[in-house]
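Everything below concerns the one structure shown next.
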Amino acid sequence: MKQSLDYKLIFALAAVGIVWGTTFLGIRVAVETIPPWFVTSIRQGLAGFIMMTILLFKKELKWIGWENFKQQLIASVLMLVIANGFTTIAEQNIPSGLASVINALTPILIFLGSIMFGLQKMSLKRFIGVLIGFSGVVFIFKDGLESFLDVNYRTGMMFMGFAILAWAAGTIYTKTHANKSKNITLNLFYQFTIASCIQLVLASIFSPNPDFNSWSSKSIFAALYLSIFGSVIAFFCYNYALKHVTAVQVSILSYINTIIAVFLGWSLLDEVITIDFIIATALIILGVFIVNYKKKEKKVL
């Protein structure tokens, strides 16, 4: 049986891999002068407005029902409020390259979560992959434990830990619950709008008296980039991909995200890349590859 290439899926996967690789840099630039919860609220708020405009133009803006609303609420809180918001907070204190390397562990967490919910099976090969991946994290810190004496660094790493856990949980939830509606744009409108409202409240609590005059044009441009490319385009493509391939397969795009983010952080922000950092990145990517690699089965014609 002959199968044609799904060019929409290929484009979606490529867009997620490339665009989200650049968002680590975008976040780092945005939080230079804009408080993190304002960055995320602007990002999701503008994204929600764009989705609403598209829905109004197509005459598809409507109430989705309480059951679907509950599913979009859970996905929004996990993936946008916690995962995206905490990553933004973390990048106030840690380099964008390091944030992307920690983020590269997400596929392993998704795999472990998929085992817990019966979506994947454990094997010796995958167990070895998990060990190799986590050894990369150990390698990052083997000569840098003194960094944890810095409360800002420690806080940044803590927020990244919560962020990747929430993203893994959100991806599994979206794949199994919140992705059944065919109208991705409508679902994302609700997700972005919910997240923006929650994050605006958090911004008013944690940054009650923002100095708007101190917001640089570079940071504002970065926030707009995050909204249009990082949220509207990438999230649409991510949700489209989740409808066609497994959550674990989509999460492998962290390979590309990490490579792009580390390179941009080094080339544009002068972030330091040591030999240990390169080895750690290689171990994490190798571990994720081993966990997810599957031999291509020959098709019987």
Task: Trace of the side chain to side chain contact (heavy atoms under 4.5 Å, CB included) decision for R43 with N84 - done: CA-CA 10 Å; R43 175 178 177 175; N84 185 259; 2.8 Å; yes
Open item on the list: Test your reading of the model: is there a side-chain donor-acceptor pair from S207 to the backbone of S204, 3.5 Å cut-off?
Closed with: no
Task: Donor-acceptor side-chain pairing of Q71 and N187 below 3.5 angstrom - done: no
Open item on the list: Can a donor-acceptor pair be found, under 3.5 Å and without considering hydrogens, that links the side chain of S231 to the backbone of I228?
Closed with: no
Task: Heavy-atom donor-acceptor pair, T23 side chain to G230 backbone, under 3.5 Å - done: no
- [ ] Looking only at non-hydrogen atoms, find the nearest pair between A90 and G156 and report the distance.
- [x] CB-O, 3.3 Å
Task: Identified side chain to side chain donor-acceptor pair (under 3.5 Å) counterpart of S96 within the set E271, E91, R28 - done: E271
Open item on the list: If we ignore hydrogens and angles and just use 3.5 Å, is the side chain of Q199 paired with the main-chain N or O of L80 as donor and acceptor?
Closed with: yes
- [ ] I would like to know whether T22 and F229 meet side chain to side chain contact (heavy atoms under 4.5 Å, CB included); could you show each step before the answer?
- [x] CA-CA 9 Å; T22 65; F229 290 90; over 6 Å; no
Task: Heavy-atom closest contact (I194 atom, F69 atom, distance) - done: CD1-CE1, 3.8 Å
TODO: Could you tell me whether a side-chain N or O of W20 sits under 3.5 Å from a main-chain N or O of A234, the two making a donor and an acceptor?
DONE: no
- [ ] Over all heavy atoms of both residues, which pair between L46 and S227 is shortest? Give the atoms and the distance, please.
- [x] CB-OG, 3.1 Å
- [ ] Show your working on side chain to side chain contact (heavy atoms under 4.5 Å, CB included) between K70 and W66 and close with a plain yes or no.
- [x] CA-CA 6 Å; K70 181 189 75 173; W66 286 111; over 6 Å; no
Open item on the list: Taking the six-membered ring for Trp, are W167 and Y173 closer than 6.0 Å centroid to centroid?
Closed with: no
TODO: Grab the two heavy atoms, one from S216 and one from T33, that are nearest each other, plus how far apart they are.
DONE: N-OG1, 3.1 Å
- [ ] Check the hydrophobic clustering (I, L, V, M, F, W, Y; side-chain heavy atoms under 4.5 Å; chains of links allowed) and say if F221 and V19 are grouped together.
- [x] no
TODO: Determine the minimum heavy-atom distance between V29 and S219, stating which atoms define it.
DONE: O-OG, 2.9 Å
Task: Heavy-atom pair with the smallest gap, counting every atom of I27 and T88 - done: CG2-CA, 3.6 Å
- [ ] Evaluate the side chain to side chain contact (heavy atoms under 4.5 Å, CB included) criterion for residues F159 and T87: first the C-alpha distance (whole Å), next the side-chain angles of each, then the deciding distance (0.1 Å), finally the verdict.
- [x] CA-CA 7 Å; F159 274 110; T87 298; over 6 Å; no
Open item on the list: Can you confirm whether L55 sits close enough to N183 that some side-chain heavy atom of one is under 4.5 Å from a side-chain heavy atom of the other?
Closed with: yes
Open item on the list: In the structure I gave you, are the side-chain heavy atoms of D270 and W266 within less than 4.5 Å of one another anywhere?
Closed with: no
Open item on the list: Keeping N103 on the side-chain end and A99 on the backbone end, is there a donor-acceptor pair under 3.5 Å?
Closed with: no
- [ ] Ignoring hydrogens and angles, tell me if any N or O in the side chain of S41 forms a donor-acceptor pair with the backbone of F38 under 3.5 Å.
- [x] no
- [ ] For I205, look at atom CD1 and say whether over 12 heavy atoms of other residues, nucleotides or ligands are found less than 6.0 Å away.
- [x] yes
Task: Min side-chain heavy-atom separation N93-Y153 under 4.5 Å - done: no
Open item on the list: Is it true that Y238 and T174 share a donor-acceptor pair across their side chains at a distance under 3.5 Å?
Closed with: no
Open item on the list: Hydrophobic clusters here meaning ILVMFWY residues chained together by side-chain heavy-atom distances under 4.5 Å, can you tell me if I54 and F11 are in one?
Closed with: no
Task: Sub-6.0 Å ring centroid separation between F49 and F192 - done: no
Task: Pair T193, S196: side-chain N/O donor-acceptor within cut-off below 3.5 Å - done: no
Open item on the list: If we count only N and O atoms by modelled type, under 3.5 Å, do the side chains of E60 and T185 hold a donor and an acceptor together?
Closed with: no
Task: ILVMFWY cluster, V31 and F24 together (side-chain gap under 4.5 Å) - done: no
